[in-house]
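First comes the structure, then the notes that go with it.
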Amino acid sequence: MILCIGETIEQRQNSETFNILEHQLKYDLKELDSANLRNIVIAYEPVWAIGTGISATTEQIEEAHQWIKRYLYTNYREIANDLLILYGGSMNDKNALEIFKIEDVNGGLIGGASLKSEVFLNMIESSEKVLNN
């Protein structure tokens, strides 16, 4: 199961990103036991970047993924290392390599770019470059 979390542009501009992410994680994970939690993949997908062609900066992505990782360690320490955190928000072959290089990004949740075979293959090659280094 993929759990998508993220903020609107207004929430980001009002410095509410982490409050929003915390609320979403608390609400969505509260009823799950550790066996079900192990089957979750979390995708940070800022609402303002979905299908807009505007991706978060690498700094914004890194900051959000680090915060999510810390939240998981604090609240779900026994399984935190097993959970994957993807980035999804207008990811494409132009920005994939830099996004895949971010330490706490475990992959991408690819939308429209996956419909264009050449673009998608370029993204796969970018992920392979990061994995092989």
query = Is there a path of hydrophobic side-chain contacts, each under 4.5 Å between heavy atoms of I, L, V, M, F, W or Y residues, that connects I2 with L37?
reply = no
ask   = Do you know the tightest heavy-atom contact between P46 and G88?
value = CD-O, 3.8 Å
request  = Please round to the nearest 0.5 Å and tell me the distance separating atom OG1 of T17 and atom CZ of R12.
outcome  = 4.0 Å
ask   = Taking N14 for the side chain and E16 for the main chain, is one N or O donor matched with an acceptor at less than 3.5 Å?
value = no
query = Side-chain contact, heavy-atom cut-off 4.5 Å: N81 with I79?
reply = no
ask   = What is the distance from atom NZ of K30 to atom CG of N75, rounded to the nearest 0.5 Å?
value = 14.0 Å
message = Hydrophobic cluster membership, with links at side-chain heavy-atom distances under 4.5 Å among I/L/V/M/F/W/Y: are L21 and L32 in one?
response = yes
key: Rounded distance [0.5 Å steps], CD in E10 versus CD in Q13   = 6.5 Å
ask   = From L83 CG over to L3 CG, what is the distance, rounded to the nearest 0.5 angstrom?
value = 10.5 Å
Ion pair K129/E125, N-O distance below 4.0 Å = no
message = Show, in sequence, the C-alpha distance, side-chain angles and deciding distance for I68 and Y44, and conclude whether the side chain to side chain contact (heavy atoms under 4.5 Å, CB included) test is met.
response = CA-CA 9 Å; I68 294 165; Y44 171 59; 3.8 Å; yes
message = Hydrogens and angles aside, do Q66 and Y71 bring a side-chain donor and acceptor to less than 3.5 Å of each other?
response = no
query = Do I61 and V47 belong to the same hydrophobic cluster, where Ile, Leu, Val, Met, Phe, Trp and Tyr are linked whenever their side-chain heavy atoms lie under 4.5 Å apart, directly or via other members?
reply = no
query = Are Q11 and W48 close enough that a side-chain donor and a side-chain acceptor fall under 3.5 Å?
reply = no
request  = Measure across A80 and Y73 and return the closest heavy-atom pair with its distance rounded to 0.1 Å.
outcome  = CB-CD2, 3.6 Å
Using a 3.5 Å cut-off and no angle test, enumerate the donor-acceptor pairs between side-chain atoms of residues 91-100 and protein atoms at least two apart in sequence or in another chain.
from : atom 1 : to   : atom 2 : distance (Å)
N92  : OD1    : K94  : N      : 2.7
N92  : OD1    : N95  : N      : 3.1
D93  : OD2    : N122 : ND2    : 3.3
N95  : OD1    : N92  : N      : 2.8
N95  : ND2    : S90  : O      : 3.2
E98  : OE2    : K101 : NZ     : 3.4

key: Neighbour count above 12 (heavy atom, 6.0 Å) for E78 CD   = yes
ILVMFWY cluster, I110 and I5 together (side-chain gap under 4.5 Å) = yes
query = Roughly how far apart are I85 CD1 and L72 CG, rounded to 0.5 Å?
reply = 5.5 Å
inquiry  = Please determine whether a side-chain nitrogen of the Lys or Arg among K69 and D104 lies less than 4.0 Å from a carboxylate oxygen of the Asp or Glu.
reply    = no
T58 and E62, any side-chain heavy atoms less than 4.5 Å apart = no
request  = Could you grab the distance from atom NZ of K116 to atom CG of L121, nearest 0.5 Å is fine?
outcome  = 13.5 Å
inquiry  = Using the rule that Ile, Leu, Val, Met, Phe, Trp and Tyr join whenever any side-chain heavy atoms are under 4.5 Å apart, tell me whether Y87 and W67 fall into a single cluster.
reply    = yes
query = Testing H23, E7, E63 for side-chain contact (heavy atoms from CB on, under 4.5 Å) with F18, which one passes?
reply = E63
request  = Using the side chain to side chain contact (heavy atoms under 4.5 Å, CB included) rule, take E22 and L25 through it: C-alpha gap first, then chi angles, then the decisive distance, then the call.
outcome  = CA-CA 5 Å; E22 181 175 15; L25 288 168; 6.0 Å; no
